[in-house]
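Protein chains get the first letters and strands the later ones, always in sequence-line order, with residue 1 at the start of each.
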2 protein chains.
Amino acid sequence: MNDKDNIAKSESTEQKIKEAARRVFTSKGYAGTRTRDIAEESGYNLALINYYFRSKEKLFEIIMMENLQLFIGSIIGMLNNEATSLDEKIDQLVTYYVDMLMVNPGIPVFILNLVNNNPSALFEGVLGGNTVSDTVFATQFKEQMKKKKLTIHPLHLFMNIVSLTVFPFASAPMIKAKNGISDEEYNQLMLERKILIPKWIKVMMDM
Amino acid sequence: MNDKDNIAKSESTEQKIKEAARRVFTSKGYAGTRTRDIAEESGYNLALINYYFRSKEKLFEIIMMENLQLFIGSIIGMLNNEATSLDEKIDQLVTYYVDMLMVNPGIPVFILNLVNNNPSALFEGVLGGNTVSDTVFATQFKEQMKKKKLTIHPLHLFMNIVSLTVFPFASAPMIKAKNGISDEEYNQLMLERKILIPKWIKVMMDM
DNA sequence: AGTGACATTAATCATCTGATTAAATCAACT
DNA sequence: AGTTGATTTAATCAGATGATTAATGTCACT
């Protein structure tokens with residue numbers, strides 16, 4: 001039996017279509033992409049995408065889940081890791097996001113669109129029930145605040161980390177266009193931020 | 001002559017359609033809104049929107065320009081104001097964005113989509129030719145850096161201000177949903193940030 | 001009341017788009 | 001070579017959508 005060839009072939013084109021769909025959906029959003037765009041981008045026929053993935057919507061859901069996983073899947077573990085200190089968590093978060101976003105710069109805008117157009121119920125499932133305030137991360141932060149006699153909501157810390165790290169990627173096209181900055185220069189700035197943001201965060205929370 | 005009544009009537013419905021379009025476009029994006037959505041949201045007939053604004057595209061351009069103006073129009077003046085100190089500029093920027101975004105929370109995602117889907121040429125016109133590095137703001141920052149024997153790209157400062165201020169609004173639906181936070185609580189957090197962000201920025205740039 | 005200009009509507013058109021179908025191609029095995 | 005099952009394609013369908021048109025309504029002025 002050489003289904004292997006068939007399967008290999010099949011998985012190959014299925015995979016190629018999915019990759020094409022990922023590129024198109026991530027850059028143009030759900031409403032903005034036509035099934036024909038995906039067909040063209042993948043190099044295959046229009047009917048193929050419905051043959052492999054029953055519908056445009058099903059295909060989108062797959063891409064959506066993968067992107068959501070990429071954006072928030074890994075960090076829950078980091079936030080709840082008992083073995084790392086608060087400072088280490090900050091380093092990890094920033095490093096994870098910068099590295100991931102340099103490879104997938106379209107993810108933030110994709111996620112933001114998702115969140116703005118979909119019923120929040122959808123995210124409950126993916127995100128799990130944990131609120132940021134219930135994480136080890138938040139507990140460690142609250143302890144530190146107590147020592148320094150400060151009171152800042154843990155959400156501020158979390159928002160600050162994510163904002164400083166993610167927003168420059170989301171707004172990259174605008175900043176590049178407006179400041180005549182090349183892709184290489186921009187990447188250089190992002191690499192600088194990978195070092196700077198943890199330092200910044202630490203002094204911010206130390207006021 | 002009582003064109004007044006006609007004009008008043010006309011401007012009223014034209015205005016109402018534009019407001020409806022603003023709401024729909026801002027929340028669903030260009031591809032995601034159907035002309036029929038705008039008609040329904042405005043309470044008027046489908047044909048009316050083409051009667052007043054030749055096409056969906058023309059109408060979108062109007063909304064787009066207004067939103068762009070809201071998002072970046074006012075800040076160029078702030079950045080180039082010779083009469084204010086760097087610290088005052090930071091305060092002004094944060095205050096402007098927080099106040100504006102509490103009224104128009106959909107603007108950031110709208111702008112980010114725009115920037116990701118459109119040719120950069122479009123923005124040249126709206127943004128004017130000024131790069132951030134050429135502003136009084138950047139000059140003042142460089143001077144301060146020189147005094148403190150530090151070297152940080154002015155763009156980092158600008159990105160930090162905008163990131164810390166704008167991103168929490170863009171990601172509000174996700175954060176609210178994930179943390180079970182009400183609109184009032186979230187607004188409260190944003191008001192706190194209006195005070196905190198300038199302080200944070202100042203210690204960050206003082207390391 | 002009649003006229004003219006603008007405002008509004010319902011009905012219709014042409015095109016786009018997601019999906020389906022039926023036929024053709026291909027690879028593996030007998 | 002023939003059979004079988006999976007893959008791929010071209011052609012087509014049905015519904016959605018942006019736009020247009022022709023008819024009707026409204027209002028000020030004569």
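- Remark: C1' of dG25(D) and CG of L48(B) are 13 Å apart, rounded to the nearest angstrom.
- For the side-chain hydrogen bond (donor to acceptor under 3.5 Å, both in side chains) condition, the pairs that include at least one residue of residues 71-83 of chain A, sequence neighbours left out, are S74(A)-Y96(A).
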Base versus backbone protein contacts along nucleotides 11-18 of chain C [heavy-atom cut-off under 4.0 Å; B, S, -]: ------BB

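- For the pair R54(A) CZ and dT21(C) P, the interatomic distance rounds to 11 Å; values are reported in whole Å.
- The nearest pair of heavy atoms linking T165(B) to L101(B) is O-CD1, 4.4 Å.
- As rounded to whole Å, 12 Å separates atom P of dT17(D) from atom CD of E40(B).
- dT8(D) atom C1' lies 14 Å from atom CD of E14(A), rounded to whole Å.
- Ring to ring, F167(A) and F158(B) are not that close: their centroids are 6.0 angstrom or more apart.
- Without hydrogens or angle criteria, T139(B) side chain to T135(B) main chain gives a donor-acceptor distance under 3.5 Å.
- Residue Y51(B) has a polar side-chain atom (N or O) positioned under 4.0 Å from OP1 or OP2 of dA7(C).
- We find that CD1 of I49(B) is positioned 14 Å from C1' of dT8(C), with the value rounded to whole Å.
- Spacing between atom CD1 of I17(B) and atom C1' of dT9(C) amounts to 12 Å, rounded to whole angstrom units.
- Within the 4.5 Å cutoff, no side-chain heavy atoms of R193(A) are placed close to those of V98(A).
- At dT8(C), one or more side-chain N or O atoms of T13(B) fall inside 4.0 Å of OP1 or OP2 (strictly under the cut-off).
- Summarising the local packing, CD of E185(A) is surrounded by more than 12 heavy atoms from other residues, nucleotides or ligands at distances under 6.0 Å.
- For I38(A) and dA19(C), the CD1 to C1' distance is 14 Å, given to the nearest whole Å.
- At a cut-off of 3.5 Å, with distance as the only test, a side-chain donor of K89(B) or T84(B) sits close to an acceptor on the other residue.
- A sub-4.0 Å separation between OP1 or OP2 of dT9(D) and a side-chain N or O of Y44(A) is absent.
- When rounded to the nearest whole Å, the span between CD of E61(B) and C1' of dG18(D) equals 16 Å.
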